[in-house]
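The structure appears below as structure tokens.
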Amino acid sequence: MNIALNAWKETVKYNTNQKITNAIQTLIPGLTSEECLKLYDLSISIHQSMKCTVGKGFESIIENNLHMNNIPFKKQVIIDKDGKIIGTGTNKKGHEHTIDIVIGYDIENGRNISDFIVLSCKYSSRERWREDDWSFKYKPNKYILCTMKNDYPDAVKFQERPNRIIVMDQPKKRDNRVYKWGFDDLMTHLIDYQK
């Protein structure tokens, strides 16, 4: 079976490279296959880098607004397999998930994520919101998906409820969310929550 899988993988790779080469040569005649594939790899690298930069910028704007409104938070909070906070950063032994932003006082190691509001920042969500399936097992006090694009999930699929909300800049035309929060609504809620 390994021989068949490897042969299939090589065929897929060849066909993909051929499609990439043909597409690029249509736009820029005269390039060799190697040049086309290098150009493709470079464009993918730039695209991935920009997505990372845009995502970090999105998180930074939210963090700055939290600072300006004196809302206590920590970023890049790591939880373990029991939903307990074990530190900050992106890599730690016993790491189950890294949460973008945790809102609340006394965000310390050993505390359970259920004591806090969680902000998951995804500039574009598509299916990426599923990366937060941990939030069904270790339920935060409130889970809020923040996104800029209108590719967020359907409210039923997302399992929207008062403690599970999508915050969005420009809603879909057929937006079935009950809690139609924008970013100003989010800040108002977090300010009120601290009182």
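What you see is a predicted model, and the numbers here were worked out from it, not measured in a lab.
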For residues Gln76 and Glu59, determine if any side-chain heavy atom of one lies less than 4.5 Å from a side-chain heavy atom of the other. yes
Do Lys84 and Ile113 touch side chain to side chain, with heavy atoms closer than 4.5 Å? no
Taking only distance into account, with no hydrogens and no angle test, what donor-acceptor pairs under 3.5 Å do side-chain atoms of residues 152-168 form with protein atoms, sequence neighbours excluded?
unit_1: Tyr152; atom_1: OH; unit_2: Lys172; atom_2: N; d: 2.9
unit_1: Tyr152; atom_1: OH; unit_2: Asp175; atom_2: OD1; d: 3.2
unit_1: Asp154; atom_1: OD1; unit_2: Asn176; atom_2: ND2; d: 2.7
unit_1: Asp154; atom_1: OD2; unit_2: Val156; atom_2: N; d: 2.9
unit_1: Asp154; atom_1: OD2; unit_2: Lys157; atom_2: N; d: 3.2
unit_1: Glu160; atom_1: OE1; unit_2: Val178; atom_2: N; d: 2.8
unit_1: Glu160; atom_1: OE2; unit_2: Val178; atom_2: N; d: 3.2
unit_1: Glu160; atom_1: OE2; unit_2: Tyr179; atom_2: N; d: 3.0
unit_1: Arg161; atom_1: NE; unit_2: Asn163; atom_2: OD1; d: 3.4
unit_1: Arg161; atom_1: NH1; unit_2: Gln159; atom_2: O; d: 2.9
unit_1: Arg164; atom_1: NE; unit_2: Phe158; atom_2: O; d: 2.8
unit_1: Arg164; atom_1: NH1; unit_2: Ser135; atom_2: OG; d: 2.9

What are the two closest heavy atoms between Ser124 and Asp151, and how far apart are they? OG-OD2, 2.6 Å
Determine whether more than 12 heavy atoms belonging to other residues, nucleotides or ligands lie under 6.0 Å from atom NZ of Lys149. no
Can you tell if the side chain of Leu119 reaches within under 4.5 Å of the side chain of Asp100, non-hydrogen atoms only? no
Taking the six-membered ring for Trp, are Phe73 and His67 ring centroids under 6.0 Å apart? yes
Basic-acidic side-chain contact under 4.0 Å: Glu63, Lys75: yes
Correct closest heavy-atom pair for Val102 and Phe116 would be CG1-CB, 3.4 Å
Donor-acceptor contacts, no H, no angles, side chain residues 24-37, under 3.5 Å, sequence neighbours left out:
unit_1: Gln25; atom_1: NE2; unit_2: Leu31; atom_2: O; d: 2.6
unit_1: Thr26; atom_1: OG1; unit_2: Asn22; atom_2: O; d: 2.7
unit_1: Thr32; atom_1: OG1; unit_2: Glu35; atom_2: N; d: 3.1
unit_1: Thr32; atom_1: OG1; unit_2: Glu35; atom_2: OE1; d: 3.4
unit_1: Glu35; atom_1: OE1; unit_2: Thr32; atom_2: N; d: 2.8

Taking the side chain as C-beta and beyond, is there a heavy-atom pair between Val77 and Thr98 under 4.5 Å? no
Hey, does Ile99 have a side-chain heavy atom less than 4.5 Å from the side chain of Ser120? no
Charged N to carboxylate O below 4.0 Å: is that the case for Glu108 and Arg111? no
